[in-house]
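Convention: sequence-line order gives letters A, B, ...; per-chain numbering from 1.
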Number of protein chains: 2
Amino acid sequence: MGRKRLQEPADGRPTVHTVAARAGVSIASASRVLNGVGGSPETIRKVRAAAAEVGYVPNAIARSLQSQRTGLVALAVEDIGNPVYVEMMRAIEAVVASSGRQLVVHATGGRIDNEMTLLRRLANRYVDGMIISPIRVTDDHLGALVGSPVPVVVVGQLGADAPVDNVRTDSRHGVALAVDHLLAIGRRRIGFVNGPLDTVPGAARDAGFRAALARHGIELDEDLVEVGDFQYAAGRAAAVRLLARAAPDALVCANDLIAVGALHALLATGRRVPQDVALIGMDDTELAQMMFPQLSSVSLGSAERGRRAAELLLQRIADPALPPRREQVQPSLAVRASSAATPPSPRPSADPFEPTPAHPYREGVTS
Amino acid sequence: MGRKRLQEPADGRPTVHTVAARAGVSIASASRVLNGVGGSPETIRKVRAAAAEVGYVPNAIARSLQSQRTGLVALAVEDIGNPVYVEMMRAIEAVVASSGRQLVVHATGGRIDNEMTLLRRLANRYVDGMIISPIRVTDDHLGALVGSPVPVVVVGQLGADAPVDNVRTDSRHGVALAVDHLLAIGRRRIGFVNGPLDTVPGAARDAGFRAALARHGIELDEDLVEVGDFQYAAGRAAAVRLLARAAPDALVCANDLIAVGALHALLATGRRVPQDVALIGMDDTELAQMMFPQLSSVSLGSAERGRRAAELLLQRIADPALPPRREQVQPSLAVRASSAATPPSPRPSADPFEPTPAHPYREGVTS
DNA sequence: TTGTATGCGTTATCAA
DNA sequence: TTGATAACGCATACAA
């Protein structure tokens, strides 16, 4: 025999039973009133009064067990401190919160085993769905994604036509925008500081850079290409290595953190930006506009991708029968001082504080 | 009459009943084996085999209903994109994840009603505890905190001796460290760019600045004080206003975002940092080291406070009877190029890439 | 409209 | 060790 049902739990917190007893009705009636369905005026009054008196608050867990919904949505990214993911997370949190749900965050450290663990854990239904942005995609991933017991939306490139909701961008094209712009302002020796080539974004950017040069009939000098990881320190170090052996008149960086590192390297060695070396980052995070000079950057729509991913997920949670969807966010180039065609004079006398629009000039938005 | 208990739920996912039936034992035995408590070798074998065959995964919600634990911890901050909170969140996530729990994040927008809503919602037990960093503290807050049905840890100043677990720092002293340092390197006209005075951190920094000057017998020129909010754009704008009416030889900023905005304002108007104006930020976020020149900054131990808050919370969850604790993280000053005593030459010929330790020089660590 | 009785999936109790 | 069953707190078919 089990325990006797207590009207008041051990910790003294009121339940429907408490309210029902106090109101002199059955728990069914109490529950109905508390959920706003049915009940005679008199019953409603009594139950509401009783609930207020004892300070009743429905238990979210019990409600979840009944509804099979937790009201939670998970986000799994490599590092919740990376500006790209921060912007993505912020956008997702806003959408999720406005739907009355809450966001659970996971830092995977980019480790595949961690991601697999999270995907497997979905089976226990602790969340209603997950948004994941894997930096590398393996077959195991695909299997876990396709066979996931709860809705999953992937942010990022996904091979083939995996039947998984997916929000992506075209970072190859993004790199091309940067290269085209630099060539257009007369730069010829364009360097490239990339992240690891064995990551999805790293490989795409590398391919994009080479393709863009080739399209313009420019032969790539391998000395102008350097690889680190997607962090500030590694970006700075990579830029230092590159500058030690080559003399670029422009630098494209695989993300803004790398670009900030490169800017530091350039300025610290007395190079002027953009006069001596033009500089373009990627992701167009807030960081880009905080630098001096402000950094040109290829927007890959981090926030927009996050927002859309969240919406796709909420839709699928509402209707799991939906067919898999794929959305694409077009990259665009925000041109700022670091790649200005007409270099500003070193000591501007005019008011340097004219409002700087977030994206003063865009290329390729429609291409 | 209710529904009949189905051995397999509608969605076909296996439960203990499925496993028990397949193994030919009772659900009690199945549950015991699955939890690793008891069971004969033969029973264990059969149950494990059955579980593996049907791909059984325990349901987190049902388990929570039974255990009264969700395994979730919440974090509520103003803006999950602010570098300070990002660092805090990252530290908290690490502690929380390593305890096998997961982190739910809330962006309050600094709005008290949002915070109150979250605190009230704790009553439904959707998380095991919460870490909250209110930017303003009202009596309502205190009431909700003290009477919270689940453990709450506050990061930040908390009036009086509220019986609530609390991790704080001494930002007044932090400002003093900055002022002392600037005076020590010979600066005399020290400006201050603060955040809103009606916030706890804003008020503390203001008091700290005035007290520090007074302690040195320096009369404060109100023209040297400007207020915005704790963001980059507002910080830049505030610095512009200040520079338009006064000529400081040093600037203390209430956080790094403001300092970065001020740096932008200084450089854009042709001022040299630190030669013309020395600059010190607060929070010592990663941002500070990314700037050129690298920014001196008063560390208030964001990550450390987050880590400690998480540990306090986990301890309290484990033992709610613990007395309220208060921990304090001492501020320390990281001196970098932006307030260097010996201004570097504008075009360094030596290797500018000697490794820069995170905190090359600290003051006040022990005070 | 109201109350009774189940069921959500799990763990814990108790008797065998 | 094992099985039957109550209980976690809530929502809901069904009968009254």
Check the distance between [N]'s [atom2] and [X]'s [atom1] and give it to me in whole angstrom.
X        : N      : atom1 : atom2 : result
A:Arg69  : D:dC10 : CZ    : C1'   : 17 Å
B:Leu34  : C:dT11 : CG    : P     : 8 Å
B:Gln66  : D:dC8  : CD    : P     : 9 Å
B:Asn59  : C:dC8  : CG    : C1'   : 9 Å
A:Arg125 : C:dC8  : CZ    : C1'   : 13 Å

Between [options], which one does the side chain of [X] approach most closely?
X       : options                : result
A:Arg63 : C:dA12, C:dT10, D:dC10 : D:dC10
A:Leu65 : C:dT10, C:dG9, D:dC10  : C:dG9
A:His17 : C:dT10, D:dC10, C:dG3  : D:dC10
A:Gln68 : C:dG3, C:dA12, C:dC8   : C:dC8
B:Ile27 : C:dT11, D:dA11, C:dG9  : C:dT11
B:Thr15 : D:dC10, D:dA4, C:dG9   : C:dG9
A:Arg32 : D:dA13, D:dC10, C:dT10 : D:dA13

Tell me what [X] touches on the nucleic acid: a base, only sugar-phosphate, or nothing, going by heavy atoms under 4.0 Å.
X       : result
A:Ser64 : nothing
B:Ser40 : sugar-phosphate
A:Ile61 : nothing

Between B:Glu42 and B:Arg45, does at least one N-O distance fall below 4.0 Å, as a salt bridge requires? yes
Strictly below 4.0 Å, N to O, side chains only: are B:Arg308 and B:Glu311 in salt-bridge contact?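 A salt bridge is absent here (no side-chain N lies under 4.0 Å from a carboxylate O).
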Nearest 0.5 Å, please: how far is CG in B:Leu75 from CD in B:Glu93? 10.5 Å
Judged by nearest nucleotide, the residue sitting upstream toward the 5' end of DNA chain D, B:Ala62 or B:Ala30, is B:Ala30
Please determine if a side-chain N or O atom of [X] lies less than 4.0 Å away from the OP1 or OP2 oxygen of [N].
X        : N      : value
A:Tyr126 : C:dG9  : no
B:Ser31  : C:dT11 : yes
B:Asn35  : C:dT11 : yes

Within a strict 4.5 Å, meaning less than it, do heavy atoms of the B:Arg69 and B:Ile317 side chains meet?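 SC-SC contact between B:Arg69 and B:Ile317 confirmed.
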So, applying side chain to side chain contact (heavy atoms under 4.5 Å, CB included) with B:Val154, which one of B:Leu145, B:Val167, B:Val137 is it? B:Leu145
